[in-house]
2 protein chains.
Amino acid sequence: MSGGLSPRVLVVDDLEPARRLLVDAIKAVLAKRGQDASGIEEASSFTEAMVLLDRKFDFAFVDLHLPDGRGWDIIRSLKSSYDILVAAVTVMDDSQSVEATLAAGADGYLIKDAEPELLHFRIERLMAGEPSLSPAIARMMLARFRPHQNEEEDPLTDREREVLSLVGRGLRAKEVAEQLQISSHTVRDHLKSIYRKLDVSSRAEVAIEAQKRNLT
Amino acid sequence: MSGGLSPRVLVVDDLEPARRLLVDAIKAVLAKRGQDASGIEEASSFTEAMVLLDRKFDFAFVDLHLPDGRGWDIIRSLKSSYDILVAAVTVMDDSQSVEATLAAGADGYLIKDAEPELLHFRIERLMAGEPSLSPAIARMMLARFRPHQNEEEDPLTDREREVLSLVGRGLRAKEVAEQLQISSHTVRDHLKSIYRKLDVSSRAEVAIEAQKRNLT
DNA sequence: CCGACCATCCCGCAAATGGGGGATGAACCG
DNA sequence: CGGTTCATCCCCCATTTGCGGGATGGTCGG
């Protein structure tokens, strides 16, 4: 990927101006590297991008917000089929899609409203093989690593949190009971409180809540 | 933190040369910002750092590898008591400590062997309030987000994945049944297959698996 | 001391679940 | 064509769960 004089680059974005911005920035980076810009391909929709996937690209910049599909599905396809560096590009930092995008294997995550020279810098870094994340995204990632004890305080007592954790791992009442050295009745009582306080009514929901609280 | 003409900066590292390197880089950044460098404090050990904690700093650069303690404990203390930007500094990128450090609330993670101008850049970014991560660390973080992409493909059929998704959201058999317009018997049959294939035996575990597969 | 939480234990019961079985049609593949 | 997998339906039955009670002792703040 690094040797070629004319790297093949895929740019996917439904909005023409955004594509221009990206392509220009990429061209600038390539020029700086003394490389040819003839290998740049553009796609303006999900389907358009999908038909290009069999072509082998060295780099790809994929907008997440396409009218006819999800950007991260493109990213997943790209990353799973051959060796390529992919950056997600988007305007908004909806934390929902960040997860999905990073899970799809993106090597970078750029926010379009950055100043041009920062965009240039990030593209440069990405093409140098380094992960390239916009500050907002990096912040979001960092937050994921912190013990998710966010959210004011939850109304749960320590014991309930303990039970929540174990049940959230998939244990059943009896197992939790012997783990905590208490009666299974008690476990179920705590569970009742948890159900009431968190407004849920099944083990599955409890597992979800446990995840949400990072009580793995 | 941003307004002061003489930001208070804490530098913790047991090795003198490393401290020099950091302090010099910090001074350079401060000079560039037209700020005074008189607020820089140095500590050469864990204990030395701990006694300085009550002083209020704006920024801190903490080496993780101290002879008498763990850098991330310092970071945790700093972050938990007041508003401050903290970067971890280290030579090696032992993935063990990365977890702990990020969990402690570090805003940046610098690797010392970077070229001076990159170090300068990273410090600058951090002081501007942006998270600042060395590429190796960013890579490591990105890897954490990828679905522990083990396993070939999962053995589930489309229908089973559909059921998995709904059950993973906390629905019960009957609800899934009407959602999919099939009999609740069938739902439970699919569930049986899922249990067998994923080697689980409860709703809670199914919910966990669903999460793991991004079938939110 | 009293009320409030909390953790602990228990009972009972209807409903849901988990695990075993069997059966049918449709689709697909060699 | 015969075999396999899939999706669909069904039955049975022991166990678990969800939900309604009631009860005791401990701790802590007012």
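We name chains A, B, ... by the order of the sequence lines, and we start the count at 1 in each one.
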To the nearest Å, give me how far apart [atom1] ([X]) and [atom2] ([N]) are.
X        : N      : atom1 : atom2 : answer
B:Ile182 : D:dC9  : CD1   : P     : 6 Å
B:Arg161 : D:dC6  : CZ    : C1'   : 13 Å
B:Lys197 : C:dG18 : NZ    : C1'   : 18 Å
B:Glu160 : D:dT5  : CD    : P     : 13 Å
B:Arg196 : D:dC6  : CZ    : C1'   : 12 Å

Check: B:Leu142 and A:Leu102 side chains under 4.5 Å, non-hydrogen atoms: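 Sidechains of B:Leu142 and A:Leu102: in contact.
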B:His190 vs B:Thr157 side-chain heavy atoms within contact, under 4.5 Å: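 Of all side-chain heavy-atom pairs linking B:Thr157 with B:His190, none is under 4.5 Å.
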Sidechain-backbone polar pair: A:Arg122 side chain, A:Leu133 backbone, donor-acceptor under 3.5 Å: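 Flag set: sc A:Arg122 to bb A:Leu133 pair under 3.5 Å.
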Within 6.0 Å of CG in B:Asp54, more than 12 heavy atoms from elsewhere: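 Enclosed.
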Heavy atoms from other residues, nucleotides or ligands near CZ of A:Arg70 exceed 12 (cutoff 6.0 Å):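 Check fails, neighbour count at 12 or below.
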Per B:Arg203 side chain, nearest of listed nucleotides D:dT17, C:dT8, C:dT17: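 The answer is C:dT17, which lies nearest to the side chain.
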Closest nucleotide among C:dA7, C:dC11, D:dC10 to the A:His185 side chain: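 Closest of the options to the side chain of A:His185: C:dC11.
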Over all strands shown, is [X] touching base, sugar-phosphate only, or nothing at heavy-atom distances under 4.0 angstrom?
X        : answer
A:Arg188 : base
B:Ser193 : nothing
A:Thr186 : base

Residue mapping more 5' on DNA chain C - nearest nucleotide basis, B:Leu171 or A:Val187: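 Upstream on the strand: A:Val187.
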Look at [X] and [N] and indicate whether a side-chain polar atom (N or O) is within less than 4.0 Å of OP1 or OP2.
X        : N      : value
A:Tyr195 : D:dG18 : yes
A:Ser183 : C:dC10 : yes
A:Ser202 : D:dT17 : no

Residues A:Glu205 and A:Lys212 bridged, charged N to O under 4.0 Å: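 Here A:Glu205 does not pair with A:Lys212 in a salt bridge, since their nearest N and O are not under 4.0 Å apart.
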Pair B:Asp158 + B:Arg161: basic N to acidic O under 4.0 Å: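 Salt bridge between B:Asp158 and B:Arg161, a charged N being under 4.0 Å from a carboxylate O: yes.
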Sequence-aligned protein contact record of nucleotides 20-30 of chain D, with B where the base is within under 4.0 Å of a protein heavy atom and S where only the sugar-phosphate is: BB---------
